[in-house]
Structures are given as structure tokens and as C-alpha cells.
Amino acid sequence: LGGDCKTPIGAYAELDGNILKLKALVGLPDSSRILKTAVSGPRDQAQQLGISAANNLLKDGAKNIIDQCRDCLK
């Protein structure tokens with residue numbers, strides 16, 4: 001996503017049999033704006049699921065949040 005150590009970015013993965021469930025988020029440090037996404041699919045497609053989650057967040061405005069984090073924490 002291109003964040004830095006000041007940007008709240010997180011992911012949580014859970015394996016249910018052969019299905020990998022991935023939840024991810026990005027937000028502002030003060031929690032005034034948080035974007036979340038969830039994807040799932042076969043465990044052997046874990047990398048693609050991570051990319052899909054990142055793309056979902058970017059599509060929803062994660063780049064703006066990341067840019068704001070850089071500006072507000074200088």
C-alpha cells in the first residue's frame with residue numbers, strides 16, 4: 001500500500017480448511033477514518049488474495065489516507 005511506520009495498516013488471516021479468509025484495514029491515526037475489506041479463497045492463492053485486498057483498499061481511498069498520515073504526523 002505504500003504506508004510507513006506511522007500509518008495504521010493491518011491484516012488478519014484465518015485458515016478454514018482449504019479456504020483462507022483475509023481481513024485488512026488502513027486508517028488515520030485518530031481513527032476518524034478507517035477503510036476495511038475482506039476477501040477469501042483457496043489457500044494456494046494467498047498472494048493473490050493479499051493483492052486483491054490491497055487493491056480493494058486502494059480503490060476505496062487508501063492512498064488518500066496514507067498521504068494524510070504522512071502530512072499530519074510530520
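The figures here come from the full heavy-atom set of this structure, side chains too, leaving out hydrogens, waters and symmetry mates.
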With the side chain counted from C-beta on, respond yes when Ile34 and Ser31 share a heavy-atom pair under 4.5 Å apart, and no when they do not. yes

As an exercise, state the distance from OG of Ser52 to NZ of Lys59, rounded to the nearest 0.5 Å. 10.5 Å

Within this structure, what is the CG-CG distance for the pair Leu20 and Asp44, rounded to the nearest 0.5 Å? 10.0 Å

Verify same cluster id: Leu28, Leu58 (apolar side-chain graph, 4.5 Å): yes

Would you please test Arg43 and Ile19 for side-chain contact (heavy atoms from CB on, under 4.5 Å) and show each step? CA-CA 5 Å; Arg43 68 189 291 170; Ile19 301 298; over 6 Å; no

Provide the closest heavy-atom pair for Leu49 versus Leu22 in the form atom of the first, atom of the second, distance. O-CD2, 3.8 Å

Any idea which heavy atoms bring Val26 and Ala62 closest together, and the distance? CG1-CB, 3.6 Å

Under 4.5 Å between side-chain heavy atoms, counting indirect links through other Ile/Leu/Val/Met/Phe/Trp/Tyr residues: same cluster for Leu25 and Ile65 or not? no

Value rounded to 0.5 Å, distance of NZ in Lys63 from CG in Leu57: 14.5 Å

Can you get from Val39 to Tyr12 by hopping between Ile, Leu, Val, Met, Phe, Trp and Tyr side chains that sit under 4.5 Å apart? no

To the nearest 0.5 Å, what is the distance between CG on Asp30 and CD on Gln68? 9.0 Å

Please report the interatomic distance CG(Asn55) to CD(Gln48), rounded to the nearest 0.5 Å. 8.0 Å

